Structure formats: C-alpha cells, structure tokens
Amino acid sequence: MLSSLGLRARRYANVLVGITGLLGLAINTCPQLLKPQRRRIFWLLFKRQLYNSGLRAASINTIIAVLLGVFVMSKAYSVIPNNMQFIDYYAQFFNIVVNREIGPLISGIILIARSASAVTAEVGQMQLYRQFDALSAVNMSPALVFLLPVFFAFPLSLLLMFFYFNLICVFTSYAVIELYHEGGITLMAFIRALLEQLTFTEVLVSMTKALVGGCLIGLASLFFGYNVQDRFTDVSRAISNSNTFQLFAFFVLNVGLSYLVYL
C-alpha cells in the first residue's frame, strides 16, 4: 500500500513538473503575439476556445445554479435564528456557502467535465496521428496554435463562470424569497445586503481560484493529451488520468486557499 501511494505521489510530481514546463513554454511563446500575422491566428483560436469552454457551458451552469439557489434558500429558511433578520442572515449564509466554496467548485467541475476532456481528446488524437509534426513542418508553432489559446481562455472562462453562477444563484434566491417570504424585501435591498458581506479579500481569493485553477486545468489537459503514445486506447486513458488529476488538484487548491484565508 505504501509503495502504491509512493508511486502515485511520484506520478503527480511528474505531472506538476510537466505542467510547470508548459507554463514556461507558454510564457516564452507570448512574444510571438507581437507579430501581427501570428496574433491574428491566436485571436481566432482564442475566441473559439473561449466560446467552447465558457459560453457554451452557460446552459448547464444556469440549470445547476438555479437548483442550488433553491436548495440554499430552503436551507436558510430552515436554520435561520429567530432573533436575526432574514436578509442579513441569508446574505452571510450565501457568501460563505455559495460564493466561497460551492460556486467555485461546481464551476471548476463543469469546466473539467465539459471542456478539459475535449481538449485532452483533441490533443491526444493529434499526437496519435503525428499532426504536431505536420504543423512544425510548415513552420507553425504548436504552442501558438494550442497552448496559448488554452492558457488564456481557460482562466478567463472559469472567472466568467464564477460570476455567472453566483449571479444566477442570487436572482433564483430572490425569486424564492418573493414566493415565500412576507416582508417586502426589494431586489436592491437584497443585493445590497449581499455586497455588504463581500470583502476585498474574498474577491481576491475567488479571482485566484479562477485564474490559477483555470490555468492548472488547461495545462493539465494539454499535458496528458500530448503524452499519448502509439495506441488508440491511450486517448481514453489520457482523458481519465487528466480528469482525475484535475479534480484532485482543483479541490486541493480551493480547500487550501479557503483554509489559509478564512480559518
């Protein structure tokens, strides 16, 4: 058992080393964007990646956010203290449960399941059929075509998903308040109470989770896809290993930041 844990730890260490190498490669490739022709190519691929990873996930994000908003509101009604105003208590409850923890985790899981798997499969197929060699043969940098769009699009997509998820939860929660709460709470008063609970530290932590987590997820997708060998089954294995690592790493990042900042 100890040998198995040691082997798994070494594998994760190797993955982190590979991801660090991809990060360095992405930074070194950025000067290519100064050339207008390459910048146009990057911009087209970046918009495509942002659309696929962020905007096309809006529907599933909306459904989960609505369900979570209803669930959180029902829980808030069941545990609200009798000596505390509902709007103040719910604002605090929403900030701790949704904004700090559940929102980032669910958004990250959606990004991993929906977009990161597709990137791993795409890169794995290209590696399997040696299409990266063809790109290099025509003097086109694979890092410019695949690495930089993912490197920039994934963190931005995750940040937008954070914001969108929380926004849908807010409006869903207010709709439930309008249905069940007697007290004439206005939407602006509800939003104002939520904003009063939000601190600069919490905004900074959420942005860190999105930017670092999105970068980690994107680079891990590329790393596992690029390590596909000569067998067709390596693609499905790469997707499985990539998703496992991404879920573990993103969970550790979220819990670790929350523990360091809030506890």
Side-chain angles (χ1 to χ4, degrees), residues 15 18-19 22-23 25-27 29-30 33 38-66 68 102-127 131-132 135 141-169 206-228 235-236 238-251 253-254:
V15 173
I19 289 175
L22 286 176
L23 176 61
L25 179 60
I27 295 173
T29 309
C30 285
L33 299 179
R38 300 202 171 222
R39 187 166 60 247
R40 285 194 294 270
I41 295 173
F42 162 78
W43 182 243
L44 290 173
L45 296 172
F46 169 77
K47 290 191 294 184
R48 168 182 171 271
Q49 189 63 63
L50 184 63
Y51 173 74
N52 289 332
S53 60
L55 297 180
R56 292 189 66 181
S59 57
I60 185 63
N61 220 359
T62 299
I63 294 172
I64 296 177
V66 168
L68 182 64
I102 297 182
L105 282 174
I106 291 181
S107 298
I109 291 172
I110 293 174
L111 183 67
I112 292 169
R114 206 192 161 282
S115 302
S117 298
V119 170
T120 303
E122 182 180 5
V123 174
Q125 290 281 359
M126 293 191 67
Q127 179 69 0
Q131 294 180 13
F132 288 112
L135 285 175
S141 170
L144 178 68
V145 175
F146 287 95
L147 177 57
L148 286 189
V150 170
F151 178 70
F152 286 106
F154 267 55
L156 181 57
S157 296
L158 193 53
L159 185 62
L160 293 174
M161 289 169 70
F162 280 12
F163 176 78
Y164 183 74
F165 189 90
N166 288 344
L167 193 64
I168 295 297
C169 280
S206 295
M207 291 184 64
T208 302
K209 288 180 178 181
L211 298 179
V212 176
C215 182
L216 182 64
I217 292 170
L219 293 180
S221 301
L222 295 171
F223 173 82
F224 282 97
Y226 191 74
N227 278 276
V228 168
V235 177
S236 59
I239 295 173
S240 176
N241 292 337
S242 178
N243 288 349
T244 301
F245 174 81
Q246 289 162 347
L247 288 170
F248 174 76
F250 190 69
F251 182 81
L253 174 68
N254 277 266

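This one's a predicted model, so the numbers in the text were calculated from it and none came from an experiment. Residue numbers count from 1 along this sequence. Side chains included, hydrogens not; waters and symmetry mates left out as well; all remaining heavy atoms used.
- Between Phe152 and Phe46, the ring planes are perpendicular. Angles over 60° get that label, and only those under 30° would be called parallel.
- To the nearest 0.5 Å, the span separating CG on Leu55 from CE on Met161 amounts to 10.5 Å.
- Distance check, rounded to the nearest 0.5 Å: OG of Ser206 to CZ of Phe163 gives 12.0 Å.
- When all heavy atoms of Pro149 and Leu45 are compared, the closest pair comes out as CG-CB, 3.7 Å.
- Atoms CZ and CG, on Phe42 and Leu147 in that order, are 10.0 Å from each other to the nearest 0.5 Å.
- Nearest heavy-atom pair, Ser221 versus Ala116, reported as atom, atom and distance to 0.1 Å: OG-CB, 3.1 Å.
- With Gln49 contributing its side chain and Val150 its backbone, the two residues share no donor-acceptor pair below 3.5 Å.
- Between atom CG of residue Leu105 and atom NZ of residue Lys209 there is a gap of 7.0 Å, rounded to the nearest 0.5 Å.
- The closest side-chain heavy-atom distance from Leu247 to Ile112 is below 4.5 Å.
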Legend entry - Full working for side chain to side chain contact (heavy atoms under 4.5 Å, CB included) between Phe151 and Cys215: CA-CA 6 Å; Phe151 178 70; Cys215 182; 3.4 Å; yes
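- Aromatic pair Phe146/Phe132: centroids less than 6.0 angstrom apart.
- Contact detail for Phe165 and Ser107: the closest heavy-atom pair is CB-OG, 3.9 Å.
- When atom types are taken as modelled, the side chain of Asn52 and the backbone of Arg48 share a donor-acceptor pair closer than 3.5 angstrom.
- Of all heavy-atom pairs between Leu22 and Leu219, the closest is CD1-O, 3.4 Å.
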Legend entry - side chain to side chain contact (heavy atoms under 4.5 Å, CB included) between Ile109 and Phe250, intermediate numbers included: CA-CA 9 Å; Ile109 291 172; Phe250 190 69; 5.7 Å; no
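- The shortest side-chain heavy-atom distance between Leu144 and Leu33 falls under the 4.5 Å cut-off.
- For Ser240 (side chain) and Ser236 (main-chain N/O), no donor-acceptor pair under 3.5 Å exists by modelled atom type.
- We find the CZ-CD1 distance between Phe162 and Ile106 to be 11.0 Å, quoted to the nearest 0.5 Å.
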Inset, instruction - Start with the C-alpha gap between Ile19 and Leu216, add the side-chain angles, then the distance that decides, and say whether side chain to side chain contact (heavy atoms under 4.5 Å, CB included) holds. - result: CA-CA 8 Å; Ile19 289 175; Leu216 182 64; 4.0 Å; yes
Legend entry - side chain to side chain contact (heavy atoms under 4.5 Å, CB included) evaluation trace for Leu222 with Tyr226: CA-CA 6 Å; Leu222 295 171; Tyr226 191 74; 5.9 Å; no
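- The distance from the CD1 atom of Ile168 to the CG atom of Asn61 is 8.0 Å, given to the nearest 0.5 Å.
- Heavy-atom minimum distance, Gln127 versus Gly225: CB-O, 3.9 Å.
- The two residues Ser157 and Ser53 make their nearest non-hydrogen contact at OG-OG, 2.8 Å.
- With a 4.5 Å cut-off on side-chain heavy atoms, Arg38 and Ser141 count as touching.
- Checked options Val119, Val15, Val123, Thr244; the residue passing with Phe224 is Val15 (criterion: side chain to side chain contact (heavy atoms under 4.5 Å, CB included)).
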